[in-house]
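Input: a single structure, listed below in structure tokens.
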Amino acid sequence: MKVYFENIEHGWVNFRLEANGKNQIHEGFSHTPYDSFSELVDALFDMKSQQWPVQKKATFNTEPYEYEFNFKKENEKVHLNIVGYPDHRRMDKSETIYAAEGTYEEICLPFWRGLRRLQGMHSAEELDKRWQRSFPSADIDALTRLLKENRGY
């Protein structure tokens, strides 16, 4: 699996998830109303640092469609279930867009790599400006330190 966050500008970022040599998801995500990148980094951090079963989510908005990235850790397996909703109300039918399970390295590291690539393209100040909200550069750095300590990449 490969994850890309690209072309961050005017509060939007292009997202691409590739698996089995094909684009599984290719969307433009908005900076509002969720603090999506912070939620994602928090999920990746907890999937690595917590020893007991953990469930975390990160919600990304395409206005009006929303994607909920559900991460669940049980023992040494991480489950990823990406669910799509027609809008924020969650009243209409949802659909599973992508599902996978594997080790932390198989499921979570591709998201970290995508975040690090994006982080490497711009300064922290520039990312804040382009994303139009605080980009979690310090949290990504903390996740990177955790992974280095645990030889997770």
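If you're wondering where the values come from, they're calculated on a predicted model, not measured in any experiment. Position 1 is the first residue of the sequence; numbering continues from there.
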W12 reachable from F135 in the ILVMFWY side-chain graph, under 4.5 Å edges: no
Distance-only donor-acceptor check, side chains E27 and T62, under 3.5 Å: no
L143-L127 co-clustered via ILVMFWY side chain contacts under 4.5 Å: yes
Cluster check V13, Y98: I/L/V/M/F/W/Y, side chain < 4.5 angstrom: yes
Same apolar cluster (I L V M F W Y, side chains within < 4.5 Å links), F111/M121: no
Atom NE2 of H10: over 12 foreign heavy atoms under 6.0 Å: no
Whether Y104 side chain and L44 backbone form a donor-acceptor pair below 3.5 Å: yes
Rounded distance (nearest 0.5 Å) linking atom CZ of F15 with atom CD of E6: 10.5 Å
Expected output: side-chain R16 to main-chain Y4 donor-acceptor under 3.5 Å: no
Main-chain N/O of T32 paired to N61 side chain as donor or acceptor, under 3.5 Å: yes
Worked verdict on W112 versus L109 for side-chain contact (heavy atoms from CB on, under 4.5 Å): CA-CA 5 Å; W112 171 78; L109 277 187; 3.9 Å; yes
K56: side chain to side chain donor-acceptor pair (under 3.5 Å) partners, not counting sequence neighbours: D42, D46
Main-chain N/O of K77 paired to N75 side chain as donor or acceptor, under 3.5 Å: no
T59: side chain to side chain donor-acceptor pair (under 3.5 Å) partners, not counting sequence neighbours: none
Main-chain N/O of Y34 paired with R133 side-chain donor or acceptor, under 3.5 Å: yes
N/O donor-acceptor pair under 3.5 Å between Q24 side chain and I97 backbone: no
Test item: R117 side-chain N/O and V3 main-chain N/O as donor-acceptor pair under 3.5 Å: yes
Ring-ring centroid check Y67 F29, cutoff 6.0 Å: yes
From M1 atom CE to E105 atom CD, the distance as rounded to the nearest 0.5 Å: 11.5 Å
CA sep, side-chain torsions, deciding dist, call: D141, R116, side-chain contact (heavy atoms from CB on, under 4.5 Å): CA-CA 9 Å; D141 293 344; R116 290 288 290 167; 3.7 Å; yes
Over 12 foreign heavy atoms within 6.0 Å of CD, E76: no
Donor-acceptor contact present, side-chain K73 to main-chain V54, <3.5 Å: no
D128 side chain to S134 backbone, donor-acceptor under 3.5 Å: no
F5 and F37 aromatic ring geometry - parallel, tilted or perpendicular at 30°/60° bounds: perpendicular
Distance, nearest 0.5 Å, that separates CD of E18 from CD1 of I25: 12.0 Å
